[in-house]
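Here's the structure, in structure tokens; my notes come after.
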2 protein chains.
Amino acid sequence: MANTDSVNVRVLSLNCWGIRYLSKHCPQRYAMIGDMLCREEHDIVLLQEVWSEKDYLSLKKKLACCHPHSHYFKSGVIGSGLAIFSKHRIHDTFLFRYSLNGYPYMAHHGDWFGGKAVGMAVLSIGSLTTNVYVTHLHAEYCRDKDSYLPHRVVQAWELQQFIRHTSAGADVVILGGDLNMHPQDLGNRLLRSYTGLKDSYLETAKFDGCEDGITLIADNPFINKKELCPFEKGIRIDYILFKGSPKTDIYCDFMSTTNGSVPDHPFPYSDHEALTAGFRLETHTPTETGSDRQPKNQDSAAVMSSVKVAELVDIVTEARTEVKVGLHCAERMRYTATRTGVMGLALLFLELAIAAVPWLALGAEQPFPRTSFYLLAALCFAILLTTFLLYIFYTMELKSLQGAEDQMRLAVGSLQEKLRGFPLAQPHSTQRRPPEGHEPSAFDPEE
Amino acid sequence: MANTDSVNVRVLSLNCWGIRYLSKHCPQRYAMIGDMLCREEHDIVLLQEVWSEKDYLSLKKKLACCHPHSHYFKSGVIGSGLAIFSKHRIHDTFLFRYSLNGYPYMAHHGDWFGGKAVGMAVLSIGSLTTNVYVTHLHAEYCRDKDSYLPHRVVQAWELQQFIRHTSAGADVVILGGDLNMHPQDLGNRLLRSYTGLKDSYLETAKFDGCEDGITLIADNPFINKKELCPFEKGIRIDYILFKGSPKTDIYCDFMSTTNGSVPDHPFPYSDHEALTAGFRLETHTPTETGSDRQPKNQDSAAVMSSVKVAELVDIVTEARTEVKVGLHCAERMRYTATRTGVMGLALLFLELAIAAVPWLALGAEQPFPRTSFYLLAALCFAILLTTFLLYIFYTMELKSLQGAEDQMRLAVGSLQEKLRGFPLAQPHSTQRRPPEGHEPSAFDPEE
């Protein structure tokens, strides 16, 4: 049917845990990472948690020979932490900042300051346009009571949107990063189902590494085993995902992870394990029948089977429920902030009233001790300012959650339409509409 | 060569100036806008500054028959203000928030609270996938001394990136909105050159409306003529831009603007004029030679002539200079905030020291009046908190500006490479590299 050309590409993804002065053995680990990258000469290296630009620049210097092309994505207060090194020229880069990313007052978790995002780089591998994505989603600090779940689900939603809409022109799509989600977590299913991306661990012909492909392992000396509970051995939260296009097939020939130690070194590269995937890209030289093998790639859902679309409807509906839970929480938090602010204001007025009474009864002695008066006034102002800032913040959170929920509702409507097998038909009826779709539809995706 | 099908599409864009309780005659104007949209039955309606969701919902109700599909994009504190109404089904939506958008403390300008963004909707018009974008960039309050220019240039940069990367799968691309830029302004040239979008006012076969296509006109009763100075008649800052694809040609058959008044009404729809463009889409039924007329559309620069690429290099370089000016300003502002914070801290220590001296010299009378002591302490804390918040804000601004500058530098490098006509060749030498690009390159786009 078609002639095929084959190219091999090796990709590494690693969360470097590179918080200067806080992460253990940070400079030594960067030196080890740099040495390993120089030695291994992967085609594409996707790094997360490179929080200091200085560390990126020293890596860039070290890798100048083997990885002449690189990009560091800047975002938030301390940077997105995302970096890409490549053997192949990077033609273009683009950064999408997630609309939700934790709370600034949860400073000990630090995610908000990191400005989590997904970075994209457009490379040419031979004649193939390759879109490479690197990302790092919000961490999960407590699986049983994960208050960040709605934020992570919205991040996964935005990630799938970003990849789906920006990869239509790509021959090959590769995503690497720390998704902070277990393989069957909602956000992960959403991402894979909607984009059609495949998990290299599940697809590989040959695997070498930790049992079950786990990337946060109990044997790693930087890991607190208690935090992994109830997953005694560890969890799989780092991924390399991939997909081809009508023009190009992609196969994962091998995959490997490090296993918590590095030969001749006292500690591993990071608290996460490094993932390496070897891909084989096969290009079809277009023939008359081969050039239009599939419809355009913009909407992966367009080429899905009805079973897959039904599955996707369920997943998006599940995600929508999760976002609604987040909406409910954010509304409650905003309400609490408002109520506290009003109480602060009431306290201030009360204080002023108490202080004003003797002042109005000219000459009477001031019964309010000055120290208490000023301390109380300062407290009131602090309450007012804090609750005002929180109100603004929660309003922005609500807008983002509502926006995601709206988009999900619209997506479910569109998928259900597709599912009924009657393009542009009115739901709850089998009446067909002409394909031009100029007539008004009774369907309103709003509930 | 190919058979052609033709479809006509009418698009309206209007900045509604819809600030509840602040914009003049807001409810009446929304009623007028709704009546006009019902009557005119455009295919696609792109609205900006619909700041209240309630107003969107009442429009949605009113237009349920003629525009059954709609979407309101939520962002920031008070919403992005962007809305789209369509005769054709909206399959998918996506929102990109600009990384820079003015300053929260410039509350009287209000742009920061609006959370400026670009909204995208994927529609099917007949068999054509149409990507429709609606946006509103940061306002220009003073043309001579425009402190927001770097922010607007970065917005234009991100807008062109977003359109370029998301439109590869589209047959037709339409962008409508208030760009707050004159036709030859840097951001506008950047947007048009990089994306290949054409200006419907310049391309139309027939124009009916204000002289020079101006959309903010002196004759509009809501406009303060002094603010337009030195442009006595008005300025053109609202646009409908468009482009086709290898599969589809698009022509602008007519274009019109309102002219500051509405028959039978005492005032116009808004302080901006409404734009209407009539497009004719011609689809080529693919033939053997017609199906691959042009290379893939992902990077418009790929199909540009060398003259256009050279022009683009100049424009991106100009944009980079502007961003550098912004970087310089942001660094200065952050430095000022730091210095003020340090002074606040020093003042606090000084105060504590003065108060501590008599306290340490046991029994000596406190010379520091209590009132002054507490007021001064409160002032110090206020300074510290404000400068801390400003420091965080300016750091984020710097990261975004640096990120844009990095991307521009990379883009210039890539364009210059293209310009030399030696794909993947080393700059400053004519030595060719093999197309696989596995060899290290001496080229470092950093300066």
Side-chain angles (χ1 to χ4, degrees), chain A residues 64-66 68-69 71-77 79 87-97 99 115 120 122 124 126-127 129 161 165-166 168-170 288 291-292 296-299 370-371 374-375 378 392 395-396 399-400 402-403 406-407 410-411 414 424 435-438 440-441 443, chain B residues 64-66 68-69 71-77 79 87-97 99 115 120 122 124 126-127 129 161 165-166 168-170 288 291-292 296-299 370-371 374-375 378 392 395-396 399-400 402-403 406-407 410-411 414 424 435-438 440-441 443:
Chain A
C65 284
C66 54
H69 310 289
H71 192 77
Y72 184 62
F73 295 96
K74 286 168 190 156
S75 155
V77 183
K87 271 188 187 177
H88 311 275
R89 173 168 281 283
I90 299 174
H91 292 290
D92 216 342
T93 57
F94 190 27
L95 185 71
F96 182 88
R97 292 163 181 85
S99 63
M120 167 179 137
V122 182
S124 287
S127 62
T129 303
Q161 282 186 312
H165 290 299
T166 55
E288 259 177 70
S291 63
D292 265 85
K296 215 170 272 164
N297 204 16
Q298 178 157 42
D299 191 354
R370 278 204 171 174
T371 315
Y374 287 115
L375 281 180
I392 296 277
T395 303
M396 289 167 77
K399 288 271 173 199
S400 295
Q402 284 166 351
D406 285 350
Q407 290 171 344
L410 193 128
S414 187
L424 295 167
E436 284 296 319
H438 277 269
S441 155
F443 176 62
Chain B
C65 284
C66 54
H69 310 290
H71 192 78
Y72 184 62
F73 295 96
K74 286 167 190 157
S75 157
V77 183
K87 270 188 187 175
H88 310 275
R89 173 167 281 284
I90 299 174
H91 292 290
D92 217 342
T93 57
F94 190 27
L95 184 71
F96 181 88
R97 292 164 182 84
S99 62
M120 167 180 137
V122 182
S124 286
S127 63
T129 302
Q161 283 187 311
H165 290 299
T166 56
E288 261 176 69
S291 64
D292 266 86
K296 216 169 272 162
N297 204 17
Q298 178 158 41
D299 191 354
R370 280 206 169 172
T371 315
Y374 287 115
L375 280 180
I392 296 277
T395 303
M396 290 168 76
K399 288 271 173 200
S400 295
Q402 283 166 351
D406 285 351
Q407 290 171 345
L410 193 129
S414 188
L424 294 167
E436 285 297 318
H438 277 269
S441 155
F443 176 62

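All values below come from the heavy atoms of this structure, side chains included, with hydrogens, waters and symmetry mates left out. Everything numeric in this text was worked out from a predicted model, so none of it was measured. Below, read A as the first sequence line, B as the second, and so on, with proteins coming before strands; counting in each chain starts at 1.
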Under the 3.5 angstrom rule, does the side chain of A:Gln161 hit a backbone N or O of B:Leu95 as a donor-acceptor pair?
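Judged by distance alone, no pair lies under 3.5 Å.
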So CG of B:Leu375 and OH of A:Tyr374: to nearest 0.5 Å the spacing works out to 5.0 Å
Which heavy atom in [X] sits nearest to a heavy atom in [Y], and how many Å separate them?
X        : Y        : value
B:Arg97  : A:Ser99  : NH1-CB, 3.2 Å
A:Met120 : B:His165 : CE-ND1, 3.2 Å
A:Lys74  : B:Lys399 : CB-O, 3.5 Å
A:Met396 : B:Val77  : CG-CG2, 3.5 Å
B:Gly169 : A:Ala168 : N-CB, 3.5 Å

* To do: Name the member of B:Ile392, B:Thr93, B:Ile90, B:Thr395 that forms the most heavy-atom pairs with chain A at distances under 4.5 Å.
  =>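 Greatest number of close heavy-atom pairs with chain A: B:Thr93.
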Checking heavy atoms, do the side chain of B:Phe94, its backbone, both or neither come under 4.5 Å from chain A?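 Both backbone and side chain of B:Phe94 come within 4.5 Å of chain A.
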- Query: Which region of B:Ser400, side chain (C-beta onward) or backbone (N, CA, C, O), has a non-hydrogen atom less than 4.5 Å from a non-hydrogen atom of chain A, or is it both or neither?
  - Reply: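 Contact with chain A involves both backbone and side-chain atoms of B:Ser400.
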If you tally heavy-atom pairs under 4.5 Å between each of A:Gly76, A:Ala411, A:Ala378 and chain B, the highest tally belongs to A:Gly76
